[in-house]
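Right, one structure below, let's go through it.
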Amino acid sequence: MASCTVEPGWKEEDLSIAARDERGAEGPTVHPSAERRYLAELFWPVFVPATLFGIGMGAAAPVVALAARELGAPVWIAALVASLAGLGMVLGDLPSGVLVARLGERKALVLASFTAVVGVVLCIFAPSVEVLGVGVLITGVSNAVWGLARQSYLSAVVPLSHRARVMSTFGLTFRIGMFVGPVAGAGLIALIGIRGGFVIQAVGVLLAGLLLARQPDPDGLTGSDQHVPLAGVIAANSSVLVTLGSGSVLLGAARAAVPVVLPLWAEHIGLSAAVASLAYAAAAAIDMSCGYPAGYLMDRFGRAFVAVPSVATLGAGYVLIAFAHSAPTLIAVALVFGLGNGFGNGIIMTIGADTAPPHARAEYLAAWRLMHDVGWFAGPLVVSGLAVVFPLSAAFSSLAAASAVGAGVFARYLPKFTPSRKEIHVHL
């Protein structure tokens with residue numbers, strides 16, 4: 001059994017909501033003013049930059065494949081270029097842990113933001129598909145560093161009692177950016193063409209970097225020259241990474257396949273791209289509305305109370321979509337997907353923070369994020385690979401089965417809060 005001891009600087013009153021067992025045993029309540037204080041203190045250093053960064057990512061996401069097509073790429077090459085952002089995240093996860101540990105969270109965030117600007121500039125002025133692909137890959141690597149540094153920072157500064165709510169709020173701000181970005185990008189695209197989406201991305205990422213550069217380094221989070229071998233951290237935490245990490249991989253795959261599955265099934269049943277877009281927007285709206293409640297429920301009743309239903313609901317969506325044969329039924333299934341994904345908002349970051357060893361937090365979180373990002377990268381590939389050989393419904397069945405296994409993994413291995421309110425134990 002592995003355990004993660006609560007940070008010494010945390011006070012007993014800070015542990016009042018989250019520090020209870022998974023059955024939801026009652027404990028002291030947190031005064032609402034304390035909750036507002038934690039959220040307010042994180043507004044400028046965390047939530048605003050995350051929203052700006054998310055707006056940039058959201059503005060670029062729909063235009064990557066179109067930009068590749070504009071440069072003469074066939075459809076399959078355009079899809080491959082679009083997937084390079086996910087590959088960049090996978091490739092950047094482990095090195096980002098070392099970088100954050102050495103530089104500190106804030107400096108790593110600033111470096112990642114300005115590196116992303118370089119990648120976006122390549123995308124804006126790319127004369128060929130190859131240069132465009134390099135730019136997209138660079139932004140993917142930057143995303144890995146950015147996400148890891150923010151998670152590591154929040155893991156260190158947020159008390160256990162508010163951890164899930166803050167992680168969920170952070171995830172929500174990024175998702176809001178991803179929702180607003182395409183809208184902002186559409187206006188500029190109408191004026192200057194497809195690459196207007198990249199221009200919005202450059203502005204959003206640059207503003208996020210400038211805002212972070214003006215923030216002071218938090219005490220104790222300025223980086224260290226002390227070498228903690230990444231392989232040793234992975235080996236020491238291998239039991240958690242194999243068990244809970246497997247659930248993370250499966251959840252990542254189930255989440256990432258939704259944007260692929262909805263439009264493909266809409267086309268299969270003869271619906272227009274506009275209907276598919278409307279269904280996806282409906283899913284996104286439900287997703288965002290569940291963000292903060294998911295964090296509150298995790299802090300109030302434990303991680304499994306949210307994680308298990310989240311993955312199971314995604315699995316139910318993959319079962320139900322095969323029965324959707326009209327616009328209303330497709331939108332109804334999209335709402336199921338949105339509920340499942342939104343209900344689990346922040347769960348991966350929260351579990352990572354719960355299980356991270358304080359002495360090697362960044363290195364451990366790098367390995368933890370890699371598990372989820374591998375699933376995120378693999379999910380769409382599973383759909384496309386199975387669809388080549390089998391009917392599309394076979395891909396749905398596989399994703400439904402993967403979701404069921406993921407729910408079982410989380411139900412079995414998620415951390416249990418001890419009545420002492422001093423430790424979180426991971427039962428392996």
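The basis for the numbers below is simple: all heavy atoms, side chains too, and nothing from hydrogens, waters or symmetry mates.
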Exactly one of V48, V46, V110 clears side chain to side chain contact (heavy atoms under 4.5 Å, CB included) with L212, and that residue is V110
Donor-acceptor pair, N143 side chain versus M89 backbone, under 3.5 Å? no
Which heavy atom in W368 sits nearest to a heavy atom in Q151, and how many Å separate them? CD1-NE2, 4.2 Å
Please check if the side chain of Y318 supplies one atom and the backbone of A254 the other of a donor-acceptor pair under 3.5 Å. yes
What orientation do H325 and W265 show, parallel under 30°, tilted 30 to 60°, or perpendicular over 60°? tilted
Closest approach of A356 to L365 (non-hydrogen atoms, all atoms of both residues): CB-CD2, 4.2 Å
side-chain contact (heavy atoms from CB on, under 4.5 Å), that's the test. Do T139 and V205 meet it? Break it down for me. CA-CA 10 Å; T139 60; V205 172; over 6 Å; no
V383 and L399: CA distance, side-chain angles, deciding distance, side-chain contact (heavy atoms from CB on, under 4.5 Å) verdict: CA-CA 8 Å; V383 175; L399 290 165; 3.7 Å; yes
Is a donor from one side chain sitting under 3.5 angstrom from an acceptor on the other, for S152 and R361? yes
Which value, rounded to the nearest 0.5 Å, describes the distance between L370 atom CG and L241 atom CG? 9.0 Å
Donor-acceptor check, side chain of S397 to backbone of S393, threshold 3.5 angstrom: yes or no? yes
Under 3.5 Å donor-acceptor, S96 side chain and G92 backbone: yes
For the backbone of V90 and the side chain of W376, can you confirm whether one donor and one acceptor N or O come within less than 3.5 Å of each other? no
Rounded distance [0.5 Å steps], CD1 in I138 versus CG in L84: 11.0 Å
Within the structure provided, determine whether F337 and I321 are in side-chain contact (heavy-atom separation under 4.5 Å). yes
For A407 versus V308, what's the shortest heavy-atom pair and its separation? O-CG2, 3.8 Å
Could you go through I189 and V63, starting from their C-alpha distance and side-chain angles, then the distance that decides it, and tell me whether this counts as side-chain contact (heavy atoms from CB on, under 4.5 Å)? CA-CA 9 Å; I189 289 169; V63 302; 3.5 Å; yes
Search all heavy atoms of V306 against all heavy atoms of G344 and return the closest pair with its distance. CG1-CA, 4.1 Å
Any non-hydrogen side-chain atom of I351 less than 4.5 Å from a side-chain atom of S248? no
Using every non-hydrogen atom in the two residues, find where L414 and A304 come nearest and quote the distance to one decimal. CD1-CA, 3.4 Å
Can you name the nearest heavy-atom pair linking L250 to G406, along with the distance? CD1-N, 3.5 Å
With no hydrogens and no angle check, is any side-chain donor or acceptor of T51 less than 3.5 Å from a backbone partner on F174? no
Can you measure from CG (L42) to CZ (F47) and round to the nearest 0.5 angstrom? 5.0 Å
Taking side chain as C-beta onward, heavy atoms only, is L99 less than 4.5 Å from L111? yes
Spacing of CG belonging to L188 relative to CD1 belonging to I200, to within rounding of 0.5 Å: 5.0 Å
Whether the side chain of S289 engages the backbone of I286 through a donor-acceptor N/O pair (distance < 3.5 Å, no angle test) should be reported. yes
Do the side chains of L109 and Y153 get nearer than 4.5 Å, heavy atoms only? no
Heavy-atom check, side chain of R150 versus side chain of W146, under 4.5 Å: yes
Could you tell me the separation between the CZ atom of R175 and the SG atom of C290, rounded to the nearest 0.5 Å? 9.5 Å
So, do L94 and L230 sit near enough that their side-chain heavy atoms are less than 4.5 Å apart? yes
In sequence, state the C-alpha distance, the side-chain angles, and the governing distance for E130 and V134, and then conclude on side-chain contact (heavy atoms from CB on, under 4.5 Å). CA-CA 6 Å; E130 290 79 9; V134 171; 5.8 Å; no
Within the structure provided, determine whether I348 and R255 are in side-chain contact (heavy-atom separation under 4.5 Å). yes
Enter the distance from M167:CE to L154:CG here, rounded to the nearest 0.5 Å. 5.0 Å
With the side chain counted from C-beta on, respond yes when L251 and I347 share a heavy-atom pair under 4.5 Å apart, and no when they do not. yes
